[in-house]
Amino acid sequence: MADLRGLPSIERLLQDPRAAALLLEFGRPLTLDGMRSVLDSARQDAKIDAPIPDIDEILNRVTDWLHAATQTTLLPLINATGVILHTNLGRAPLSTAAMEAVQRVAATYSSLEFNLETGKRGSREVHAEALLTQLTGAEAALVVNNNAAAVLLALSALAKRRSVVISRTQLVEIGGGFRVPEVMKQSGAHLVEVGTTNRVHLRDYVTALEESSPALVMHAHSSNFRLIGFTSEPALKSIIDAVHEHAVPFLDDNGSGALLDTAAFGLSHEPTVQESLAAGADLVCFSGDKLLGGPQAGILIGKAALIQKLKKHPLARAVRADKLCLAALSETLLHYLKDGAVEKIPVWQMISASPDDIRRRAQRWKNTLGFGRLMEGQSTVGGGSLPEETLPTTILALDGYQPNQLLARLRCNNPPVIARVEENCVVFDPRTVLPDQDEALLDSIISVTQRNKS
Ligand SMILES: *Cc1c(COP(=O)(O)O)cnc(C)c1O
């Protein structure tokens with residue numbers, strides 16, 4: 001066994017000038033933990049006759065240990081997958097204005113719940129509500145933590161221990177464990193299923209309305225799932241008219257929060273929030289970070305009396321939105337109000353990017369790299385909207401690499417780059433790479449391919 005007396009003591013390490021810098025950067029308790037841990041491992045290694053490291057080497061290891069221990073795991077990255085609303089990658093990136101609004105309220109006090117006119121307590125609910133009602137024409141609005149919370153709150157406040165009618169065509173699992181029937185159960189509402197998996201008729205709704213006197217009829221966007229073939233669903237307006245004849249409120253879970261028509265961009269038509277309201281829905285709920293293009297949030301709009309019930313329910317407090325969310329959401333909504341959503345909101349910039357612009361960008365990437373091959377490809381919207389729908393794109397493909405190895409190296413890069421594999425090649429889609437990330441992306445590709453040519 002190597003001679004352990006060669007190992008420096010903690011005291012000796014602390015006297016080294018390099019230790020002062022570590023103490024300053026990482027604080028005393030963590031630095032001491034690091035030193036103990038590195039010395040312990042060196043002692044263990046010595047038992048299997050590893051050489052005793054000198055003080056310089058020990059301090060190198062302590063520095064590495066401290067960097068590893070203080071490495072955060074929520075990292076910004078480059079999404080080159082071409083999936084615009086990638087739930088695993090944080091869905092919608094914020095617009096510059098939304099991000100600046102977050103910055104403005106984050107590091108100081110704000111008028112979150114303070115009425116500047118009266119000098120008295122105010123309500124956090126007013127900030128986005130005014131914009132939402134102006135934008136959609138709804139009587140009232142409420143913002144909560146996410147759309148799952150919005151559905152849970154609506155069902156709990158309006159239908160606890162009572163029946164909620166929903167079509168079997170909509171009893172879907174949306175991903176991330178959001179299952180419509182389970183959320184219903186959690187809220188204490190009783191599910192009354194109508195129709196069959198593939199078909200539901202107006203008379204199914206009418207029978208349920210007559211037989212079960214429900215507290216609510218719910219409609220849920222089937223999200224990332226599409227019914228094809230022998231299917232049928234009545235028009236939303238005809239269901240809502242029948243529901244209203246029975247004086248029952250109607251909740252539409254719109255899901256993606258589309259305020260603009262996706263059909264204007266070569267996609268199929270995604271039901272919009274305005275259409276739900278126009279069809280007569282009493283409450284419409286949707287996510288803030290899907291097609292709306294804002295922060296994570298659940299937005300409920302509709303009849304003032306119903307929104308008021310939701311606001312007063314104890315769950316509302318548990319699922320309320322925080323000030324950073326409200327700041328980003330208000331600014332995102334302003335883009336729509338000022339008719340600038342397509343130009344200013346990253347999600348819509350990506351959806352509306354022209355095939356020519358994308359091709360030119362891919363070509364620039366290729367020219368800068370001096371290698372790679374351009375291919376026709378398909379981007380997708382993702383985020384539970386527009387399943388099976390694609391947008392034509394041009395992708396940069398790298399030939400001659402083992403794809404999984406290259407993907408892994410790209411993920412380890414700083415910033416990590418997430419790409420995808422097509423025809424056994426790693427490919428990069430310009431559509432989802434933010435304009436100011438080009439240089440970082442190309443640097444990463446250069447650095448990983450230099451080590452990885454096979
Ligand atoms: C995405 C989605 C949800 C869940 O929304 P979150 O904001 O992720 O909580 C609920 N309902 C529908 C129809 C959805 O598409």
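Sequential numbering from 1 along the given sequence is applied to the chain's residues. All values reported here derive from a predicted model rather than from experimental measurement. Counting convention: from 1, in listed order, for ligands and their atoms alike.
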Ionic contact status for [Y] with [X], cut-off 4.0 Å:
| X | Y | result |
| --- | --- | --- |
| Lys237 | Glu275 | no |
| Glu139 | Lys303 | no |
| Asp438 | Arg361 | yes |

**Q.** Proximity of Gln296 to ligand 1 by residue part, where a heavy atom lies under 4.0 Å
**A.**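 Neither; nothing of Gln296 gets under 4.0 Å from ligand 1.
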- Message: For Leu391, run the side chain to side chain contact (heavy atoms under 4.5 Å, CB included) check against Asp429, Ile84, Thr380 and tell me which one passes.
- Response: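 Filter result, single survivor: Ile84.
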Pick, from Gly298, Ala149, Ser287, the option with the minimum heavy-atom distance to atom 7 (O) of ligand 1.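 When every heavy atom of Gly298, Ala149, Ser287 is considered, Ser287 comes closest to atom 7 (O) of ligand 1.
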**Request:** May I ask you to list the atoms of ligand 1 that are less than 4.0 angstrom from any heavy atom of Asp253?
**Result:**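 This gives 10 (C), 11 (N), 12 (C), 13 (C) as the contact atoms.
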- Query: Phe178 heavy atoms, cut-off 4.0 Å: which ligand 1 atoms fall inside?
  - Reply: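 What qualifies from ligand 1 is 10 (C), 11 (N).
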Would you compute the distance between atom SG of Cys325 and atom CZ of Arg124 and round it to the nearest 0.5 angstrom?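 Between atom SG of Cys325 and atom CZ of Arg124 there are 10.0 Å.
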Under 3.5 Å: N/O of Lys290 near N/O of ligand 1
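Lys290 vs ligand 1: N/O contact under 3.5 Å present.
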- Is the shortest N/O to N/O distance between Asn147 and ligand 1 below 3.5 Å?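 Right, the criterion is met.
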| Do any N or O atoms from the side chain of Gln296 and from the backbone of Asn145 form a donor-acceptor pair under 3.5 angstrom? |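 Yes, Gln296 side chain to Asn145 backbone: donor-acceptor pair under 3.5 Å.
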Can you tell me if Arg91 contacts ligand 1 (heavy atom of the residue under 4.0 Å from the ligand)?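 It does; at least one heavy atom falls under 4.0 Å.
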